[in-house]
Amino acid sequence: MKLYNTLTREIEEFTTRVPNVVSMYTCGPTVYHFAHIGNLRTYIMEDILEKYFKYRGYRVNRVMNITDIGHLSSDADTGEDKMLLGAKREKKTVLEVAKYYTDAFLQDCAKLNIVIPEKFIPATVEVEEFIQVISVLEKKGFAYKAGGNVYFDTSKLKEYHKFFKFKEDDLEEGVRDGVEKDKNKRNKNDFVLWFTQSKFDDQALKWDSPWGIGYPGWHIECSCISMKYLGEYVDIKCGGVDNIFPHHTNEIAQSEAFLGHEWCKHWFHTLHLNIVGGKMSKSLGNFLTLSSLEENGHTAMEYRFFCLQSHYRKALQFSEESFTNAANAYQKLKEKILALQESGAVDRGIFDKFTTKFIAAMDNDLNTALAITTIYDILKENTNASTKIALLKSFDSVLSLNLFVQEEWIQKEKKDIALTEREILAKIEERARAKKEKDFAKADAIRDALAKEGIVLIDTASGTTYTIK
RNA sequence: GGCGCUAUAGCCAAGUGGUAAGGCAUGGGUCUGCAAAACCCUGAUUCCUCGGUUCAAAUCCGAGUAGCGCCUCCA
């Protein structure tokens, strides 16, 4: 299969170090607030990637971290820890906040059919590892102490900017609001490996270290957790585009300095979800959560479909119109699929033909939009229902769109409807009588009254049924 | 200022040098007492602009334009 690699900026054949086994690392959530649907887009695409690897016969060893410490709003002394800010806001301890938002994240993932790796590791349990790696970096001459902190010295590297050809002089410091210069740094690109108590008095979580009581910088956690659980090589690392610089750049710097060899060959980055005027982000306050979508009568699967209709390497614009389009399309598609009734034997020729089509789409840099088109092609194909069902179930093992699950409808029915089924059927009976007597005014009145309750009548040749809207 | 990415219908989107897939929405029709649902039909002489290469360009090259992202919190 072919995948775009941010490192080479080309679509290339994906290869693994060990045949048929992928080691995969994905940067996990920072659990100081709810994940927004933009964050979730990235996890959806990574989930598709993992499931597609499996579909293609790979075994996948995957690790994800939980950032529950050390995520500062800047490297300078005035920076505040995001976890600490969250804790203050909610009058909880840092670990309580972490647990609360980790659980919320897991719930969102469950709704979206995102499978969380078994190895889902909080940074706070691996601090000893970080200290060891930082010590080695210090011994090797890649780290220095300044102002009580330990910094990574980027001038010791042959090449620091692995992804883009920046010149250090061209970088502007403090471009973003709230980011301040750190006077302790020797080079613009240097970054903190370890903070000491000199930073904040009220830092909640602290560990003892050779450099004093303190806590780790943000970038070190992903490198260390990856190396601990996946070894000194990793096949693919994933995250959102904003991670390219500085996070992933710094990870490469410290990991390769530590290991003394190339670390990860393939980098997978998902583009952002934008709303009108720019990206969705927590700090800008313009974000939507999965819950807010649900409150507006939408479902998690509609959002997953919305994401899959686009390509992971293209910025996706979220608007009322674009999302409603996708939601409509999803519900219509699902109704068609649920109407299929098993009949006949699976036609291997047809099955193989569409499987080949699906693989061609997904092999081509995970072209999920084309993969979904294949679903429509199958529904239109002149073949028996069993063949269609077999194909769609097979594809849904990757797409995870709940194409054969009716639950969402059932839930809505239970939640919203004031009338019992018997009452509804009585009304339908009454309307049928009115229609027979050509009292259409009364018949329409009954229909309208039911519609107000969210009950939509469907007249068919064999009688009237209803559905819940 | 530097470094990148993107541009195809109202919206989402396929396309990888051979004459513009698919979906949603819209409009029309069938059905219906009327609706709804369902089903059928419906759209780009052209792919941001201008040049160039070629028998042939949405696709390759050059120059623009617009939008988005990153430059040490970020998916």
Side-chain angles (χ1 to χ4, degrees), chain A residues 6 9 11 26-30 32 35-43 45-46 71-76 79-82 85 161 163-182 185 188-192 218-219 238-247 249-250 269-274 277-284 306 309-311 313-317 319-330 332-333 335 339 361 364 367 369-370 372-377 380 435 438 440 443-444 447-448 451 456-461 465 467 469:
Chain A
T6 313
R9 271 183 279 156
I11 294 174
T26 41
C27 289
T30 305
Y32 67 99
H36 60 64
I37 57 174
N39 300 131
L40 294 169
R41 180 190 188 195
T42 300
Y43 297 107
M45 296 322 298
E46 291 163 350
H71 209 155
L72 301 181
S73 51
S74 97
D75 270 357
E80 285 188 88
D81 188 294
K82 292 197 153 185
L85 280 174
H161 288 290
F163 292 104
F164 304 119
K165 306 302 164 214
F166 287 129
K167 291 193 191 86
E168 190 160 327
D169 288 346
D170 290 334
L171 288 173
E172 286 187 15
E173 290 182 272
V175 165
R176 230 186 292 157
D177 284 349
V179 172
E180 293 176 40
K181 284 190 187 183
D182 184 340
K185 288 181 183 182
K188 268 187 193 173
N189 288 322
D190 292 354
F191 54 93
V192 177
W218 171 41
H219 310 293
C238 317
V241 268
D242 51 276
N243 282 149
I244 294 171
F245 186 84
H247 182 54
T249 302
N250 288 348
H269 292 109
T270 302
L271 263 78
H272 282 151
L273 180 74
N274 294 153
K279 73 168 179 172
M280 183 177 285
S281 83
K282 289 175 198 167
S283 49
L284 296 173
F306 173 76
Q309 250 194 338
S310 180
H311 190 253
R313 220 148 46 68
K314 206 170 166 183
L316 178 57
Q317 181 97 338
S319 65
E320 188 61 34
E321 188 181 13
S322 64
F323 183 58
T324 305
N325 270 342
N328 278 345
Y330 175 74
K332 277 195 159 189
L333 179 66
E335 274 175 52
N364 184 15
N367 193 333
L370 242 195
I372 283 174
T373 299
T374 310
I375 293 178
Y376 287 98
D377 293 342
K380 277 188 289 194
K435 279 174 70 174
K438 304 234 185 267
F440 296 122
D444 290 353
R447 185 172 65 197
D448 292 348
V456 180
L457 299 186
I458 301 166
D459 291 329
T460 68
T465 60
T467 185
K469 265 273 154 24

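In what follows, every chain begins at residue 1, and chains take the letters A, B, ... in the order their sequences are listed.
Judged by Watson-Crick or G-U wobble contacts below 3.5 Å, the nucleotide B/C60 has B/G52 as its partner. For B/A75, there is no paired nucleotide, since no Watson-Crick or G-U wobble pair has both relevant distances below 3.5 Å. Taking a pair to require two hydrogen-bonding distances under 3.5 Å in either a Watson-Crick or a G-U wobble arrangement, B/A38 pairs with B/U30. In this structure B/U46 sits in no base pair that meets the Watson-Crick or G-U test at under 3.5 Å. The base-pairing partner of B/G4, taking Watson-Crick or G-U wobble contacts with both distances under 3.5 Å, is B/C68.
Taking the side-chain contact (heavy atoms from CB on, under 4.5 Å) definition, one finds that A/Ala327 meets it with A/His298, A/Glu302, sequence neighbours left out. A/Asp459 is linked by a salt bridge (charged side-chain N to carboxylate O under 4.0 Å, His left out) to A/Arg431, A/Lys435, counting only residues two or more places apart in sequence or in another chain. Partners of A/His272 according to the ring pair (Phe, Tyr, Trp, His ring centres under 6.0 Å) rule, which considers only residues two or more places apart in sequence or in another chain, do not exist here. For A/His311, there are no side-chain hydrogen bond (donor to acceptor under 3.5 Å, both in side chains) partners at least two apart in sequence or on another chain. Residues passing the side-chain contact (heavy atoms from CB on, under 4.5 Å) test with A/Thr42, sequence neighbours excluded: A/Glu46, A/Thr270. Considering only residues two or more places apart in sequence or on other chains, A/Asn328 meets the side-chain hydrogen bond (donor to acceptor under 3.5 Å, both in side chains) condition with none of them. Taking the side-chain hydrogen bond (donor to acceptor under 3.5 Å, both in side chains) definition, one finds that A/Thr26 meets it with A/Arg62, sequence neighbours left out. In terms of the side-chain hydrogen bond (donor to acceptor under 3.5 Å, both in side chains) criterion, A/Thr249 has no residue partners (sequence neighbours excluded). Under the rule for a side-chain contact (heavy atoms from CB on, under 4.5 Å), the partners of A/Ile244 that lie at least two apart in sequence or sit in another chain are A/Thr6, A/Phe163, A/Phe164, A/Val241, A/His269.
Within 4.0 Å (heavy atoms only), A/Gly239 reaches sugar-phosphate atoms of the nucleic acid but no base atom. Residue-level contact check: A/Thr270 touches neither bases nor backbone, having no heavy atom under 4.0 Å from any strand.
Whole-Å rounding puts the A/His247 NE2 to B/C70 P distance at 16 Å. Remark: P of B/A13 and CG of A/Asn364 are 16 Å apart, rounded to the nearest angstrom. When rounded to the nearest whole Å, the span between NE2 of A/His311 and C1' of B/G15 equals 13 Å. Remark: C1' of B/U72 and NE2 of A/His161 are 10 Å apart, rounded to the nearest angstrom. Rounding to whole angstrom units, CG of residue A/Leu333 and P of B/A13 are separated by 17 Å. Atom CZ of A/Arg41 and atom C1' of B/A75 are 10 Å apart (whole Å). With rounding to whole Å, A/Asn250 atom CG is found 7 Å from B/U72 atom C1'. In this structure, A/Glu320 atom CD and B/C12 atom P are separated by 14 Å, rounded to whole Å.
Of the candidate nucleotides B/G15, B/A75, B/C12, B/C12 has the atom lying nearest to any side-chain atom of A/Leu316.
Using atom P as the reference point in both B/A36 and B/U30, the two lie 13 Å apart (nearest Å). Here, B/C11 and B/C40 have their C1' atoms 24 Å apart, quoted to the whole Å. Rounded to a whole angstrom, the distance from the P atom of B/C61 to that of B/U46 is 24 Å. When the C1' atom is used for both B/U8 and B/U16, the distance is 15 Å, rounded to whole Å. Taking atom P in both B/C24 and B/U42, one finds a spacing of 14 Å when rounded to whole Å. Between the P atoms of B/G18 and B/U32, the separation comes to 49 Å (whole Å). Of the C1' atoms belonging to B/A25 and B/G15, the separation is 23 Å, rounded to the nearest Å. For the C1' atom pair drawn from B/G22 and B/A56, the interatomic distance equals 26 Å after rounding to whole Å.
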Could you list all N or O pairs between the protein and nucleotides 6-9 of chain B that sit under 3.5 Å apart?
none

Just the atom pairs and distances: protein N or O near nucleotides 59-61 of chain B's N or O, under 3.5 Å.
none

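Atom CG of A/Asn189 sits about 5.0 Å away from atom CZ of A/Phe245, to the nearest 0.5 Å. Atom CE of A/Met280 is separated from atom CG of A/Asn274 by 8.5 Å, given to the nearest 0.5 angstrom.
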Q | Reading 5' to 3' through nucleotides 21-36 of chain B, protein heavy-atom contacts under 4.0 Å coded B for base, S for sugar-phosphate only, - for none | A | BSSBS-------BBBB
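In this structure, A/Asn367 reaches the B/G15 phosphate: one of its side-chain N or O atoms is under 4.0 Å from OP1 or OP2.
Minimum heavy-atom separation, A/Tyr43 to A/Gly28: OH-C, 3.1 Å. Of all heavy-atom pairs between A/Lys185 and A/Lys188, the closest is NZ-O, 3.8 Å.
Remark: the backbone N or O of A/Asn367 is not paired with any side-chain donor or acceptor of A/Asn364 at under 3.5 angstrom.
If A/Ser310 and A/Ile11 are placed on RNA chain B by their nearest nucleotide, the residue sitting closer to the 5' end is A/Ser310. In terms of position on RNA chain B, the residue among A/Asn274 and A/Leu40 whose nearest nucleotide sits closer to the 5' end is A/Asn274.
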